[in-house]
Amino acid sequence: MNSAVMKFMYTQNKAHRYCLTPPSYKTCPQFSHSLTTNFLQIYVISRKMERSCSAPAFEKDDLNLRLGLPGRDESEQPSSSCAKTNKRSSSEMDTSPHNNQSAAPPPKAQVVGWPPVRSYRKNALQAQKQPESEGSGMFVKVSMDGAPYLRKIDLKFYNNYLDLLKALEGMFKCTIGVYSEREGYNGSEFAPTYEDKDGDWMLAGDVPWEMFITSCKRLRIMKASEAKGLGGCL
Amino acid sequence: MAYSFPEEVLEHVFSFLSSDRDRNAVALVCRSWYEIERWCRRRVFVGNCYAVSPEIMIRRFPEVRVVEMKGKPHFADFNLVPEGWGGYVQPWIRAMAASYPSLEEIRLKRMVVTDESLELIARSFKNFKVLVLSSCEGFTTDGLASIAANCRNLRELDLRESEVEDLSGHWLSHFPDNCTSLVSLNMSCLGSEVSFSALERLVGRCPNLRTLQLNRAVPLEKLPNLLHRAPQLVEFGTGAYSAEIRPDIYSNLAEAFSVCKQLKGLSGFWDVVPAYLPAIYSVCAGITSLDLIYAAIQSPDLVKIISLCRHLQCLWVLDYIEDAGLEALAASCKDLQELRVFPSDPFEAEANVALTEQGLVSVSEGCPKLQSVLYFCRQMSNAALITIARNRPEMVRFRLCIIEPRAPDYLTLEPLDTGFGAIVENCKELRRLSMSGLLTDRVFEYIGKHAKKLEMLSIAFAGESDLGLHHVLSGCDSLRKLEIRDCPFGDKALLANAAKLETMRSLWMSSCSVSYGACKLLAQRMPRLNVEVIDERGHPNSRPETCPVEKLYIYRTVAGRRVDMPDFIWTMDKDAGSPEGFLSNGAVEQ
């Protein structure tokens, strides 16, 4: 079991932490709806979404079921003044079909400016921006299990996962097959995985394309048998 | 009146006084000393740019060489001060360009600096030497190009933590070939890649270069080129500390570091690849300052480094260090004076790392010189705080942030009043305190009673009533800066202690219970204060007088009300006779 999965098992499910989503997210079919299918994916998605937004918005939820190890009681809520200062509305998320709260703890409203960490530092630590010059590509290395040397591709060149996978299939003469949110790439010989900004190895296809290309540091085409641990349910 | 000494002698005597307080005291002795002193004062520190005007400063001190100034309130660091608040340096630069042709140093913190200002600096001061822009914003790399191109004697260019609009890296290439005066260059906040060959040449021709802090874009493989050209460096900040793992890159790097025998400070380390960390081992014995807050290094690797840095005095690190790492720190680094532990994942309620109050307790036990602490953690107990207080009575700065607001003592579920009370009672030299966790009015009673040397206090989500604020304002004799957010403090304490506010630099209160009516009253009673209401909901008149204001910033000033405020800030009228509802907002253009 890879370290990413280990990490998730020991932390509380944060699926309740939603944030404002870019327009593409709602229409993106790859986004996983159900909590029950894939603990890993939900955790990752919510955390990634959190980081891609500057100020997460939350909706209150009555359900109190929790996954993961028991932690401190979360009954303390920040003062109501934060509702005024947090200008983002959560109405968008209220109607979203993605909020399957069947097993999520009540989300906490996030308070502006708390904890007192400079956003400058937060961004520097978490963001992995390429140099921002116009026209610079997003080159990442691609390795394939069993291949003698690596390739490099420009992620900006592709518009979506389909294009990327087709290109990889052509480059490495392999079949990657079709992604399904439940089964990952089960059924095909290879599975595309990538290392994200945090150093975790993720199955490619779960998060919206935009988010993927900004967080992908390198790609690795794994043998499907090895990738089972990533795509399957825990 | 006969003078004992000629002016020149007194001037010479005064030249030995470096502290502003001493100089101010000297100026109060008599008229002639005031006059002599003001003509020979070379450094001016303005703690609040709105407390005084450029004209007043220039009129009193005509021969200044060094100006240091601060703008926005500290809580601006945490996005509590709305965009457009102010803190513009341009009026100051304009005035100084006309009156201080010999100005050599400008040091700014939390101010808005434009390219126009930078160009004016570059053109106006022929002997300009030092530009430090700490947490500033509003300028682009074009402004930096002007500075680089025109300041012939530039010694220091330090952009620490500023937000710069990064148009390109070409600014660095504007340093002329005959510029050899650089002593310190900190460009760590910039994103763009600079021309490496220009950087190499610049570093190579500046023999006095002591501090070089690169930005993330400078690749690790190129570091040896720079280190070899500047083996005399005292402070070095790497760029991204990652590369493919190759033995030749590693050995070049390790060898380059080993040549830098004077290195005392290290920083940078973005995107760390742990395999390259041992490259710095050869310099660790001399390191006194280590800034690893951008480095996602796990505890075992951190411990290896720390155990080699036996002379470490200052450590800034992420909570990946964990309790175990802090224990190792306590065991190895007996000279440690300052520790800052930042959260790697501040928005997770549950800990992603094994860092608790125990880590801080260990350090307080093991490091006899520890005097400055900034610590983020997820649990704290009164017992731990009491232990820390007793271990380190010489603590000067103590800032504790328990990530969950209003978190109680996790062992007893009681408020942390007694813990923080022990801190202020034992640490009689405490000058700065930030508190968090569950706190009642009682903790403020302790603070008011014991914290007699406290100069800066930060409070969040604490207290129960006005009594809390009253204890602080009435008891803390040395208080200069007070910043409060989300506390149930209201009108009574503020109005009862109105006079105290004139003895302080500033008071910030946001999401508290101070009413608009009280703000108006305060302004009328205290004409030498600016009472500024910040409210993005619109004109305070559109709400009842009893309605609490969103944010409040009160500061003493001899410059009158601001004239450069945005449309969501109002200065309360000092004239009690003005018609009801009249508020002055001031011109927006500056």
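Chain letters run A, B, ... following the sequence lines, proteins first and then strands; every chain starts at 1. Only a predicted model underlies this, so the values are computations on that prediction, with no experimental measurement involved.
For a residue to count as touching a neighbouring chain, one of its non-hydrogen atoms must lie under 4.5 Å from one of that chain's; by this rule Glu244(B) touches chain A with the side chain only. For Phe376(B), the part sitting under 4.5 Å from any heavy atom of chain A is the side chain, from C-beta outward, and nothing else. Contacts of Ser168(B) with chain A are absent, with no heavy-atom separation under 4.5 Å from either backbone or side chain. Of the two parts of Ile403(B), the backbone and the side chain both hold a non-hydrogen atom closer than 4.5 Å to a non-hydrogen atom of chain A.
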*Could you give me the CA-CA distance, side-chain angles and deciding distance for Arg485(B) and Val111(A), then say whether side-chain contact (heavy atoms from CB on, under 4.5 Å) is met?*
CA-CA 11 Å; Arg485(B) 63 162 298 176; Val111(A) 182; 3.0 Å; yes

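Interatomic distance, CD1 of Ile293(B) versus CZ of Arg118(A), reported as 9.5 Å (0.5 Å rounding).
Put simply, the side chain of Trp114(A) does not reach to within 4.5 Å of the side chain of Pro346(B), judged on heavy atoms.
Taking each heavy atom of Pro115(A) and Phe347(B) in turn, the nearest pair found is CD-CE2, 3.8 Å. Taking all atoms of both residues into account, the shortest heavy-atom contact from Val112(A) to Asn79(B) is CG1-O, 3.9 Å.
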